[in-house]
Amino acid sequence: MDARLKQRLVGAAVLLALIVIVVPMFFSGHEQGGSATTSVSLGIPAQPQPPQQSKTFALGAPTPATSAPTVSATTAGGAGAQPAATGAMPTVTIPGAPADVGSTALPRPAPGMPAPAQAPASANPPTATGAVSAAAHAATLAAPAAAQRPVVAPMTTLPPGTAAQLHYIVSLGAYTDLGNARALAGRVRKLGVPVDEQALRVAGKPALRIYAGPYANRALAEAARLRIHAAEPRTTAVLVAQSTTLQADQPAADLPAGRAGGWVVQLGAFDNPATADSLKTRVFAAGFPAYTDTIRVASGTLWRVRVGPEASRDGALALRAQIKAKLGQDGIVAVAH
């Protein structure tokens with residue numbers, strides 16, 4: 001055999017041996033000749049349980065207590081529990097107990113024991129000085145409602161129509177030059193605004209105050225003021241509220257047909273708000289829609305008591321008649337402003 005052929009056969013044999021050795025390692029996951037793979041359990045072993053034992057104890061029923069338990073507190077020696085008498089809690093001697101612990105203090109009941117019984121309350125407990133007794137308190141609760149009503153403050157003697165009419169004017173100033181004052185009044189009248197004059201004296205000289213109005217409400221007066229200011233920008237126009245005491249019912253002409261507003265029955269005007277509120281409460285309790293409002297006068301503020309409003313003057317007259325028949329209270333029929 002040729003030497004070259006021998007070499008080829010030897011190389012082939014070596015290659016085959018390597019294949020036989022190496023290839024199985026790729027499939028087995030470990031080197032040839034290594035130890036076999038072992039599986040590891042991940043479960044937690046159960047905790048060992050000690051052997052269970054059953055024991056039976058004889059428990060005697062507790063003896064009912066015939067008296068409230070007491071604690072004897074002394075400062076002498078001896079710390080042991082003393083034997084208990086039949087039907088009573090054991091008495092414990094506490095060495096060095098504080099001075100405020102006495103035999104009259106009620107101790108906390110032991111677990112499982114009934115709470116100490118307390119003496120029933122006396123039917124007539126002692127009354128401290130200045131305190132209301134139980135009988136007096138019961139009599140107060142049983143008293144009729146009329147006896148507990150607040151005292152109504154006495155009403156003043158102001159007429160019912162005091163400051164019942166409120167109106168607004170637009171003041172255009174006071175002028176010592178009477179010609180200029182009358183000329184201004186003429187120009188404002190041409191705007192369709194009612195104007196009036198008031199004679200007075202300024203620094204000893206005759207003068208005229210020019211004003212527009214009066215108007216039944218603030219909105220009408222403000223509209224007139226804006227119209228005058230647009231036509232007379234150099235003239236100072238100031239809105240002023242004025243009040244008037246009524247001696248009789250306001251006439252129907254004070255609220256012409258088609259003008260917004262209503263009618264009320266004024267029962268009085270008072271300088272004390274508590275007095276006004278007392279009257280309002282009494283009238284309201286009688287079933288009438290009473291309310292209070294305020295008005296500024298020269299002397300200060302007045303609180304008016306009014307009922308309504310009604311859409312018509314006749315409705316206000318009928319309402320006043322009902323109030324008079326039921327409460328005996330007079331009033332003035334006025335425009336609601």
Side-chain angles (χ1 to χ4, degrees), residues 149-174 194 196-203 207-225 236-251 254-255 259-286 288-310 313 316 319-320 323-324 327-337:
R149 290 177 182 172
V151 178
V152 178
M155 292 185 297
T156 59
T157 57
L158 292 176
T162 302
Q165 185 179 26
L166 181 66
H167 59 266
Y168 297 85
I169 63 171
V170 181
S171 177
L172 304 179
D196 205 344
E197 304 172 358
Q198 179 185 5
L200 68 158
R201 300 188 69 84
V202 177
L208 282 179
R209 173 176 291 154
I210 308 299
Y211 63 90
Y215 295 95
N217 55 64
R218 187 186 184 96
L220 294 176
E222 180 65 16
R225 188 190 71 81
T236 302
V238 180
L239 200 64
V240 179
Q242 294 183 339
S243 60
T244 304
T245 297
L246 296 179
Q247 305 299 328
D249 298 338
Q250 280 191 253
D254 284 357
L255 186 62
R259 181 183 297 178
W263 296 85
V264 295
V265 179
Q266 178 164 308
L267 305 179
F270 309 93
D271 56 1
N272 185 352
T275 305
D277 189 67
S278 297
L279 176 59
K280 180 205 72 173
T281 301
R282 183 166 68 93
V283 177
F284 189 84
F288 299 102
Y291 66 94
T292 59
D293 64 1
T294 57
I295 183 173
R296 292 287 300 176
V297 295
S299 59
T301 301
L302 292 179
W303 283 262
R304 302 187 296 187
V305 180
R306 294 185 156 193
V307 184
E310 294 289 330
R313 187 175 183 273
L319 180 61
R320 180 179 60 182
I323 298 172
K324 177 69 174 179
L327 299 175
Q329 182 74 39
D330 291 321
I332 290 289
V333 173
V335 176
H337 58 67

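- Looking only at side-chain heavy atoms (C-beta outward), Val170 and Leu239 come within less than 4.5 Å of each other.
- The CZ atom of Phe284 sits 11.5 Å away from atom CG of Asp277, with the distance rounded to the nearest 0.5 Å.
- Counting all heavy atoms, side chain and backbone alike, Ala207 lies closest to Val202 at CB-CG2, 3.7 Å.
- Within 6.0 Å of OH on Tyr291 lie more than 12 heavy atoms contributed by other residues, nucleotides or ligands.
- For the atom pair CZ (Arg304) and OG1 (Thr162), the distance works out to 10.5 Å, reported to the nearest 0.5 Å.
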- Message: Let's go through Trp303 and Asn272 carefully: what are the C-alpha distance in whole Å and the side-chain angles of both, what is the deciding distance for side-chain contact (heavy atoms from CB on, under 4.5 Å) to 0.1 Å, and is it a yes or a no?
- Response: CA-CA 7 Å; Trp303 283 262; Asn272 185 352; over 6 Å; no
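- Across Ala163 and Thr245, no two heavy atoms sit closer than the pair N-OG1, 3.1 Å.
- In this structure, the side chains of Val265 and Arg306 stay at 4.5 Å or more apart for every pair of heavy atoms.
- Interatomic distance, CG of Leu302 versus CG of Asp271, reported as 6.5 Å (0.5 Å rounding).
- Going from atom CG of Leu208 over to atom CD of Gln198 covers 9.5 Å, rounded to the nearest 0.5 Å.
- Annotation for Val283 and Ala290: closest pair CG1-CB, 3.9 Å, computed over non-hydrogen atoms.
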- Message: Could you go through Leu166 and Gln242, starting from their C-alpha distance and side-chain angles, then the distance that decides it, and tell me whether this counts as side-chain contact (heavy atoms from CB on, under 4.5 Å)?
- Response: CA-CA 6 Å; Leu166 181 66; Gln242 294 183 339; 5.9 Å; no
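- Annotation for Pro194 and Tyr215: closest pair CD-OH, 3.6 Å, computed over non-hydrogen atoms.
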- Task: Would you please test Asp330 and Lys324 for side-chain contact (heavy atoms from CB on, under 4.5 Å) and show each step?
- Result: CA-CA 6 Å; Asp330 291 321; Lys324 177 69 174 179; 2.8 Å; yes
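- Side chains of Tyr168 and Asn217: no donor on one and acceptor on the other come within 3.5 Å.
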- Please report the C-alpha distance between Leu172 and Tyr211 in whole Å, then the side-chain angles of each, then the deciding distance to 0.1 Å, and finally whether the side-chain contact (heavy atoms from CB on, under 4.5 Å) criterion is met. CA-CA 5 Å; Leu172 304 179; Tyr211 63 90; 5.7 Å; no
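- Summarising the geometry of Gly261 relative to Leu255, their closest heavy-atom pair is C-CD2, 3.8 Å, with the distance given to 0.1 Å.
- For the atom pair Arg209 CZ and Ser171 OG, the distance stands at 6.0 Å (nearest 0.5 Å).
- Of all heavy-atom pairs spanning Ile332 and Arg320, the tightest one is CA-NH1, 4.3 Å.
- Side-chain atoms of Gln165 never come within 3.5 Å of backbone atoms of Thr244 as a donor-acceptor pair (strictly under, hydrogens ignored).
- Proximity of Arg313 to Asp249: side-chain heavy atoms (C-beta onward) are separated by under 4.5 Å at one or more points.
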